[in-house]
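Lettering of chains follows the sequences in order, A, B, ..., and the numbering in each one begins at 1.
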Amino acid sequence: MEISKLSVRAGQKTILDNVDINIYRNRVNTIVGPSGGGKSTFLKCLNRLAELDRNYRVTGEIFLEGKNVREYGEIELRRRVGMVFQRPNPFPMSVYDNVAFGLRLQGNVKKDEMDMMVSSSLQEAGLFDEVSDNLKRPASTLSGGQQQRLCIARALILRPAVLMLDEPTSSLDPVAKGKIEELMLELKERYTVVLVTHDIGQARKVSDYTSLLFNGKIVASGEGKDFLERTSDDTMKAFLGDLTA
Amino acid sequence: MINLRDHHEKEIKWKNSTLRNVKNQGAKIAGFFALLFMLAVLVSIFGYILHGGASHITLRMFTTYGNTTTGGLLNAIIGTWLLVGMGLLFSVPSGVLGALYNVQSTSSTRIRSVTRLFTDILTSVPSIVIGLFGYLVLVIRFDMGFSLLAGGIALGIMMLPYVMRISEISMKNVPQEQVNNAYALGADRIQVASRIYLPQARAGIISGILLAIGIAAGETAQLLYTAGWNNALPSGFMKSQVAYLTYVVWYGINQPSSYAHELAFASALILIIMVTVLISISKFVGRKRV
């Protein structure tokens, strides 16, 4: 994906200011930055979820596989660009129905085909072995980490080109967090991952390309896990300093 | 030596706390008596109706038609439910869809606050005014006559704000994250309504409907002008009058016949039981989290 001159305004406030950034295929593309810096809004622009809020004025161009996202229908785009939210929020249904949700929206899918898609999505999300004994159990009985992986499976069943993760581990314990970080490294084999986080440690572990979003602006970006260390950018250093202090 | 300032402060504190204690106790006692008074009123109404109704109620009243001074109440009982059912037909679709529109619309909050004001006003319009409207517009202008349709619509107008507001409140309780998530999975507006809002707000919507039924079943004024009275069941939706329980109470109590009084008491008792049951169910359903 290429994003150029993306700006978002809400009333007088500028949330994103001329953001230019490339999202690389089959990589973990990470946006780091302090809370309130516009990271979540950035993700919501990529699947045009930001347009649900009439207060937002979105300008600029976003291209997915060479085609402007405005040329995709909103629904088609959201199937191509999956999203997992900050807090695990399974629907109040069974594990199976949660994963099947997105596919069912598209109309009738044969039962055996649906079964297959549900289990393969759960496998990709690394949850299958933990829930396969009973897929009919309510999703709310799963642990927080399992619920978040369920949300990942729910997004994956649509076979998106891009998977966006909005601070996916911020409400999880360290073990659950570690599992999701490992998962991201597996997922990038098949999907393009966009990760938003304020956790520098996580960026160090999983990121291939990292950008720092600060007050709505991309102030630094670069390749590699050690980009964060070798940056000479003052804002970046200040941010890292803030977090390590 | 006594530290005077300390002493003084202690005294003020003591005075404040005694005053507060007296006030607290006073409020408690006043509250207790208010509660007692309210309970006494409630118990005396229930007791009076129960005493007057239960001793006169007979099985025959449930099995035969009547004309408010002789016969039974079957036509009035069925008529009440027919009218309420007709009211539901008008109020539930529009109330639930209106609530959905209000929670889903991304448009200006002005439309929402105007509809809210409108529903609030509608709840407090006296039922006799709705009856007058029903008579002038439905019965006469639209030529429905005193009928099931006219009475049902008049009840529906009254039920609408209850259905709509309670549905809206329970839809607002659906976490916004789940709504966004459904959109992010490629749901359109109708799918978000049918797969997220309606199932999750179901308990609230049902309790709103039950409350509206309970209130509508006990209404009289707007039906006097729109439903009329029928010694049997209505023969159609229009131009055929309908019997209902509150009419028996309103009319029977003025008749110089002791059987008419008995019918009135029995109707009142049936109404009170119906309303109590419905409102209790609505509370129970509303509390249950799915």
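- Other residues, nucleotides and ligands place more than 12 heavy atoms under 6.0 Å from the CG atom of Asn134(A).
- Contact detail for Leu158(A) and Leu185(B): the closest heavy-atom pair is CD1-O, 3.5 Å.
- Within 6.0 Å of CG on Leu117(B) lie more than 12 heavy atoms contributed by other residues, nucleotides or ligands.
- Under the 3.5 Å distance criterion, the side-chain polar atoms of Gln191(B) are matched with a main-chain donor or acceptor of Leu105(A).
- Both the backbone and the side chain of Arg104(A) come within contact range of chain B, each with at least one heavy atom under 4.5 Å from a heavy atom of that chain.
- Remark: Phe237(B) CZ is loosely packed, at most 12 non-hydrogen atoms of other residues, nucleotides or ligands lying under 6.0 Å away.
- Ranked by heavy-atom pairs under 4.5 Å with chain B, the list Met164(A), Glu74(A), Arg154(A) is led by Arg154(A).
- Other residues, nucleotides and ligands contribute over 12 non-hydrogen atoms within 6.0 Å of the CZ atom of Phe63(A).
- The choice from Leu49(A), Val81(A), Leu103(A), Ile157(A) that makes the most heavy-atom pairs within less than 4.5 Å of chain B is Leu49(A).
- Shown here for Arg79(A) and Gly186(B), the closest heavy-atom pair between the two residues is NH2-O, 4.2 Å.
- To the nearest 0.5 Å, atoms CZ (Arg189(B)) and CG (Leu52(A)) are separated by 6.5 Å.
- Within a 6.0 Å radius of CZ in Arg116(B), more than 12 heavy atoms belonging to other residues, nucleotides or ligands are found.
- A donor-acceptor distance shorter than 3.5 angstrom exists from the side chain of Gln178(B) to the backbone of Pro90(A), with no hydrogens or angles considered.
- Around atom NZ of Lys110(A), no more than 12 heavy atoms belonging to other residues, nucleotides or ligands sit under 6.0 Å away.
- Per-residue counts of heavy-atom pairs under 4.5 Å with chain A were compared for Ala182(B), Ala184(B), Ala187(B); the largest is that of Ala184(B).
- Heavy atoms from other residues, nucleotides or ligands lying under 6.0 Å from CZ of Arg137(A) number more than 12.
- In this structure, Met93(A) and Arg195(B) approach most closely via the heavy-atom pair CE-O, 4.2 Å.
- Proximity to chain B (any heavy atom under 4.5 Å) is restricted, for Asn47(A), to the side chain, taken from C-beta onward.
- With a 4.5 angstrom heavy-atom cutoff, Arg80(A) does not touch chain B via any of its atoms.
- Atom-to-atom distance recorded for Phe101(A):CZ and Asn181(B):CG is 8.5 Å, nearest 0.5 angstrom.
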